[in-house]
Amino acid sequence: MQLAPMKKLPGVLAFNRCHLVTDGEMFSRLADGRDIPVPVIRHGLRGTQNVNDGKGNDNPKTAASGERKISNVQMTETAKLDPQATALVVRFGLALLDLGASLDACVAADHESGKTMRASVDDFVARAKQSEGLIEVARRYARNIANGRWLWRNRSIAAAIRIDVAKKSGGVVTRIASFDAKSIPLNIFESYSGGEQALAEELAAQLRGDSLDGLLIEAVVSPRIEGNLEVFPSQNYVERKPDGFARPLYKLGHPAQVEMKSPSTFTDTRLMGYAALRDQKIFNAIRTIDTWYPAFADTLFPIPVEPRGANLSQQEFYRKGKDSSFDLFKRLPQIDPDSAEGMFCIAALDRGGVYGESDKAEKSASKAVAETPAEAE
């Protein structure tokens, strides 16, 4: 039976993300081959004031006396390689889940609408699993793993980057491919290498539910200069930072306990933990594969797969109206998984998210569902 498109999405519609990603731990590789964690250090510095207040003033910040301050004393955090380091090493784990398990919640005031939505998703996923479109999504993921896009700013400090990808199955680790990341383009998805094809085959098998293996991914970044070079873990964005505090970095572990009650116990630097790239930041780079949005011919850069094509660097929504996944999901039965719309929908299901379109009746229904105790299995 041919399913009809939906006039509106159910009031409660949520999709699980279909990927597991670990944080990317960062290490200094020493000349003897040992890898040691990159520390995050909190310390003070004295910079200069360089603030544009939009009124032509040299410096809008003033001291209590009313005089302009030149210096900018602040606390900040920095991550640097060991002085004896020859390379930066970053490692993370990745596994994709069965796309058929993406739908998490689907509740509509109109019971039939909910059934139709579930049937539409099931039908699309079944067709996607047999499609070339799913393979292309996997190839694009593979390219962004291979080219090291997920290293973000750390990619720019490198003279060379080697990325090794291995599969772990039943405790046995098998290498899939190695890549020269700097030679692989960031903005073009075509002419895939044999290694990218092999990695894509494994990723596609995971999305189909045919493989339960996980991937181990390691980048060895050879910097243009050796020694205690600054590297770039994720940053923590926090509200209401204390005055004089500049930049908190993402780190693993716990800060060292420091006593500063007397000159004998005072220290001017403090170990806060160990540097890492946050898991969300890694997969944001991997899913930067959307060249199917309408403005691509003008922009010529891929964007992360987002429901409305949100792009932080451009402060722009590139998918509006009929091009958003909110609209596309209403038309899943009519969408070919091999089309541009279909490949975007496959990646959007992998991304997960909340898509409900709720009116008052549906809000009451969803509240009733939320307040009903779950039955024991």
Chemist: Please check: side-chain N/O of Ser131 versus main-chain N/O of Leu134, any donor-acceptor pairing under 3.5 Å?
Modeler: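 Between the backbone of Leu134 and the side chain of Ser131 there is a qualifying donor-acceptor contact (under 3.5 Å).
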Chemist: Are any of the side-chain heavy atoms of Val38 and Glu25 separated by less than 4.5 Å?
Modeler: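 SC-SC contact between Val38 and Glu25 ruled out.
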Chemist: According to a 4.5 Å side-chain heavy-atom criterion applied to Ile, Leu, Val, Met, Phe, Trp and Tyr, with indirect links allowed, do Leu229 and Leu277 form part of one hydrophobic cluster?
Modeler: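 Yes; tracing contacts between hydrophobic side chains, which count when under 4.5 Å, links both residues.
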Chemist: Do side-chain atoms of Asp213 reach the backbone of Lys167 as a donor and acceptor pair under 3.5 angstrom?
Modeler: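 Not confirmed, Asp213 side chain does not pair with Lys167 backbone.
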Chemist: Using the test salt bridge (charged side-chain N to carboxylate O under 4.0 Å, His left out), find all partners of Arg42 that sit at least two apart in sequence or belong to another chain.
Modeler: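 If we apply the salt bridge (charged side-chain N to carboxylate O under 4.0 Å, His left out) test to Arg42, skipping adjacent residues, the hits are Glu77.
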Chemist: Are any non-hydrogen side-chain atoms of Ile145 and Leu199 less than 4.5 angstrom apart?
Modeler: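 Ile145 vs Leu199: side chains touch.
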Chemist: Look up atom NZ in Lys7 and atom OG1 in Thr116, then write down how far apart they are to the nearest 0.5 Å.
Modeler: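 Separation between the atoms: 12.0 Å.
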Chemist: Just to verify, which of Leu3, Leu99, Leu332 counts as forming a side chain to side chain contact (heavy atoms under 4.5 Å, CB included) with Phe124?
Modeler: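 Of the listed options, the one satisfying the test is Leu332.
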Chemist: Taking atom types as modelled, find out whether Ser339 and Asp336 have a side-chain donor-acceptor pair closer than 3.5 angstrom.
Modeler: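 Result is no, nothing qualifies.
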Chemist: Between atom CD1 of Ile163 and atom CG of Leu151, what is the distance when rounded to the nearest 0.5 Å?
Modeler: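 Taking CD1 in Ile163 and CG in Leu151, the distance rounds to 5.5 Å.
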Chemist: Do Arg308 and Phe317 meet the cation-pi criteria used here (NZ or CZ under 6.0 Å from the six-membered ring centre, within 45° of the axis)?
Modeler: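 Not satisfied by the 6.0 Å and 45° rule.
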Chemist: So Leu328 and Ile335, do their side chains get closer than 4.5 Å, heavy atoms only?
Modeler: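 Yes; the side chains approach each other to less than 4.5 Å.
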Chemist: If only atom types and distance count, is the side chain of Thr22 paired as donor or acceptor with the main-chain N or O of Gly93 below 3.5 Å?
Modeler: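 Yes, because the side chain of Thr22 sits within donor-acceptor range (under 3.5 Å) of the backbone of Gly93.
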Chemist: Is any side-chain heavy atom of Phe15 closer than 4.5 Å to one of Asp104?
Modeler: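 The answer is no, as the side chains (C-beta and beyond) never meet within the 4.5 Å cut-off.
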Chemist: Holding to salt bridge (charged side-chain N to carboxylate O under 4.0 Å, His left out), I want the full list of residues that pass it with Asp290, two or more places apart in sequence or in another chain.
Modeler: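 Asp290: salt bridge (charged side-chain N to carboxylate O under 4.0 Å, His left out) contacts with Arg319.
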Chemist: Minimum heavy-atom separation for Phe92 and Asp23, please, with both atom names.
Modeler: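 It is CB-O, 3.7 Å.
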Chemist: How close do Pro302 and Arg149 get, heavy atom to heavy atom, and via which atoms?
Modeler: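 Scanning both residues, the minimum pair turns out to be CG-NH2, 3.7 Å.
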Chemist: Other members of the hydrophobic cluster containing Leu300, with the 4.5 Å side-chain heavy-atom rule, please.
Modeler: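 Same cluster as Leu300: nobody, lone residue.
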Chemist: Counting only heavy atoms not in Leu212, do more than 12 sit closer than 6.0 Å to its CG atom?
Modeler: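 Counting other residues, nucleotides and ligands, CG of Leu212 stays at 12 neighbours or fewer.
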Chemist: Is a side-chain donor or acceptor of Arg155 paired with a backbone partner of Ala181 at a separation under 3.5 angstrom?
Modeler: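 Yes, because the side chain of Arg155 sits within donor-acceptor range (under 3.5 Å) of the backbone of Ala181.
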Chemist: Hey, what else clusters with Val354 if you join Ile, Leu, Val, Met, Phe, Trp, Tyr whenever side-chain heavy atoms sit under 4.5 Å?
Modeler: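 Reading the cluster by chain and number, Val354 sits alone, since nothing else belongs.
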Chemist: Looking at Arg118 and Asp122, is there a salt bridge between them, counting it only when a charged N and a carboxylate O are closer than 4.0 Å?
Modeler: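 Looking at Arg118 together with Asp122, the answer is no, because their closest N to O distance does not fall below 4.0 Å.
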Chemist: Checking Thr78 side chain against Val40 main chain: does a donor-acceptor pair fall under 3.5 Å?
Modeler: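 No: the side chain of Thr78 does not pair with the backbone of Val40.
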Chemist: Kindly indicate whether a cation-pi arrangement holds for Lys281 with Trp152, taking the cut-offs as under 6.0 Å to the six-membered ring centre and within 45° of the axis.
Modeler: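 Geometry flag: set, cation within 6.0 Å and 45°.
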Chemist: Which residues pass the side chain to side chain donor-acceptor pair (under 3.5 Å) test with Arg34, sequence neighbours left out?
Modeler: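 Arg34 satisfies side chain to side chain donor-acceptor pair (under 3.5 Å) with Asp32 only.
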Chemist: Thr288 side chain to Asn284 main-chain N or O, any donor-acceptor pair under 3.5 Å?
Modeler: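 Such a contact is found between Thr288 side chain and Asn284 backbone.
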Chemist: Using side-chain heavy atoms (C-beta onward) and a distance below 4.5 Å, is Met26 in contact with Pro37?
Modeler: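 No. Closest side-chain heavy atoms not under 4.5 Å.
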Chemist: According to side chain to side chain donor-acceptor pair (under 3.5 Å), who are the partners of Ser102, at least two apart in sequence or on a separate chain?
Modeler: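 With sequence neighbours excluded, Ser102 shows a side chain to side chain donor-acceptor pair (under 3.5 Å) to no residue whatsoever.
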Chemist: Hydrophobic cluster membership, with links at side-chain heavy-atom distances under 4.5 Å among I/L/V/M/F/W/Y: are Leu207 and Leu94 in one?
Modeler: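 Yes, Leu207 connects to Leu94 through the hydrophobic network.
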Chemist: So, the side chain of Asp338 versus the backbone of Gly133: is there a donor-acceptor pair under 3.5 Å, distance only?
Modeler: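 Yes: the side chain of Asp338 pairs with the backbone of Gly133.
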Chemist: Less than 4.5 Å apart, any side-chain heavy atom of Glu341 and any of Trp292?
Modeler: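 Glu341 vs Trp292: side chains apart.
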Chemist: I need the Lys322 NZ to Lys330 NZ distance, nearest 0.5 Å.
Modeler: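 Output value for this atom pair is 13.5 Å.
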Chemist: Are Leu13 and Pro10 close enough that some pair of their side-chain heavy atoms sits under 4.5 Å apart?
Modeler: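 Counting from C-beta outward, Leu13 and Pro10 do come under 4.5 Å.
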Chemist: Should Tyr141 and Leu96 count as side-chain neighbours, where that means a heavy-atom distance under 4.5 Å?
Modeler: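 Result yes, sub-4.5 Å side-chain heavy-atom pair found.
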Chemist: Just to verify, what does Asp210 make a salt bridge (charged side-chain N to carboxylate O under 4.0 Å, His left out) with, not counting sequence neighbours?
Modeler: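 If we apply the salt bridge (charged side-chain N to carboxylate O under 4.0 Å, His left out) test to Asp210, skipping adjacent residues, there are no hits.
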Chemist: Parallel, tilted or perpendicular: which describes the rings of Tyr318 and Phe301, with under 30° parallel and over 60° perpendicular?
Modeler: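 Plane angle over 60°, so perpendicular.
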Chemist: With a 3.5 Å distance limit and no angle check, can you tell me whether Asn311 reaches the backbone of Glu316 through a side-chain donor-acceptor pair?
Modeler: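 No; judged by distance alone, with no hydrogens or angles, the pair does not exist.
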Chemist: Just grab all the side chain to side chain donor-acceptor pair (under 3.5 Å) pairs involving residues 295-306, residues at least two apart or on different chains.
Modeler: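 Counting only pairs at least two positions apart or across chains, the side chain to side chain donor-acceptor pair (under 3.5 Å) contacts touching residues 295-306 are Arg287-Glu306, Tyr293-Thr299, Glu306-Arg351.
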Chemist: Search all heavy atoms of Tyr355 against all heavy atoms of Leu9 and return the closest pair with its distance.
Modeler: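 Here Tyr355 and Leu9 meet closest at O-CD1, 3.3 Å.
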Chemist: Compare every heavy atom of Pro255 with every heavy atom of Arg270, then report the nearest pair and how far apart it is.
Modeler: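 Of all heavy-atom pairs spanning Arg270 and Pro255, the closest is NH2-CB, 3.8 Å.
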Chemist: Please enumerate all residues that pass salt bridge (charged side-chain N to carboxylate O under 4.0 Å, His left out) together with Lys129, with sequence neighbours excluded.
Modeler: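 Partners of Lys129 under the salt bridge (charged side-chain N to carboxylate O under 4.0 Å, His left out) test: Asp98.
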Chemist: Can Leu103 be reached from Phe326 by stepping across I, L, V, M, F, W or Y side chains whose heavy atoms are under 4.5 Å apart?
Modeler: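 Same cluster.
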Chemist: Check for a donor-acceptor pair, side chain of Asn144 on one end and backbone N or O of Ala285 on the other, with a separation under 3.5 Å.
Modeler: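 Pair found, side chain donor or acceptor close to backbone of Ala285.
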Chemist: Return the CD1 to OG distance between Ile282 and Ser234, rounded to the nearest 0.5 Å.
Modeler: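 Between Ile282 CD1 and Ser234 OG, I get 7.5 Å after rounding to 0.5 Å.
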Chemist: Do Tyr192 and Ile346 share a hydrophobic cluster (ILVMFWY, side-chain heavy atoms under 4.5 Å, transitive)?
Modeler: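 The answer is yes; both residues are in one hydrophobic cluster.
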Chemist: Between Asp327 (side chain only) and Ser324 (backbone N and O only), is there a donor and an acceptor less than 3.5 Å apart?
Modeler: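 No.
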Chemist: Please write out which residues are connected to Ile36 in a hydrophobic cluster, directly or through intermediates, given that two of Ile, Leu, Val, Met, Phe, Trp, Tyr count as joined at side-chain heavy-atom separations below 4.5 angstrom.
Modeler: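 Answer for Ile36: Leu30.
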Chemist: Taking NZ, NE, NH1 and NH2 as the nitrogens, is one of them in Glu201 or Arg208 under 4.0 Å from a carboxylate oxygen of the other?
Modeler: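 So Glu201 does not pair with Arg208 through a salt bridge.
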Chemist: Is Glu218 salt-bridged to Arg91, cutoff N-O under 4.0 Å?
Modeler: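 Yes, charged N to carboxylate O under 4.0 Å.
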Chemist: Can you check whether Tyr274 and Tyr250 have ring centres sitting under 6.0 Å from each other?
Modeler: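 Here the rings of Tyr250 and Tyr274 have centres that are no less than 6.0 Å from each other.
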Chemist: For the CG atom of Leu81 and the CD1 atom of Ile225, what is their distance to the nearest 0.5 Å?
Modeler: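 Between atom CG of Leu81 and atom CD1 of Ile225 there are 10.0 Å.
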Chemist: Are Val89 and Val221 grouped together when hydrophobic residues (ILVMFWY) are joined by side-chain heavy atoms under 4.5 angstrom apart?
Modeler: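 No, Val89 and Val221 fall in different hydrophobic clusters.
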Chemist: Any ion pair linking Arg139 and Glu196 (charged N to carboxylate O, less than 4.0 Å)?
Modeler: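 No, no charged N to carboxylate O under 4.0 Å.
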Chemist: Can you name the closest pair of heavy atoms from Arg143 and Ile188 and give their distance?
Modeler: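 Minimum heavy-atom contact is NH1-O, 2.8 Å.
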Chemist: Do you know the tightest heavy-atom contact between Ala347 and Val137?
Modeler: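 Here Ala347 and Val137 meet closest at CB-CG1, 4.3 Å.
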Chemist: Can you tell me how far apart CD1 (Ile176) and CD (Glu202) are? Round to the nearest 0.5 Å.
Modeler: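 Reported to 0.5 Å precision, the distance equals 5.5 Å.
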Chemist: Running the 4.5 Å side-chain criterion over Ile, Leu, Val, Met, Phe, Trp and Tyr, what cluster does Tyr237 land in, apart from itself?
Modeler: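 Result for Tyr237 is none, singleton.
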Chemist: Could I get the full list of side chain to side chain donor-acceptor pair (under 3.5 Å) partners for Ser222, not counting sequence neighbours?
Modeler: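 Side chain to side chain donor-acceptor pair (under 3.5 Å) list for Ser222, sorted by chain: empty.
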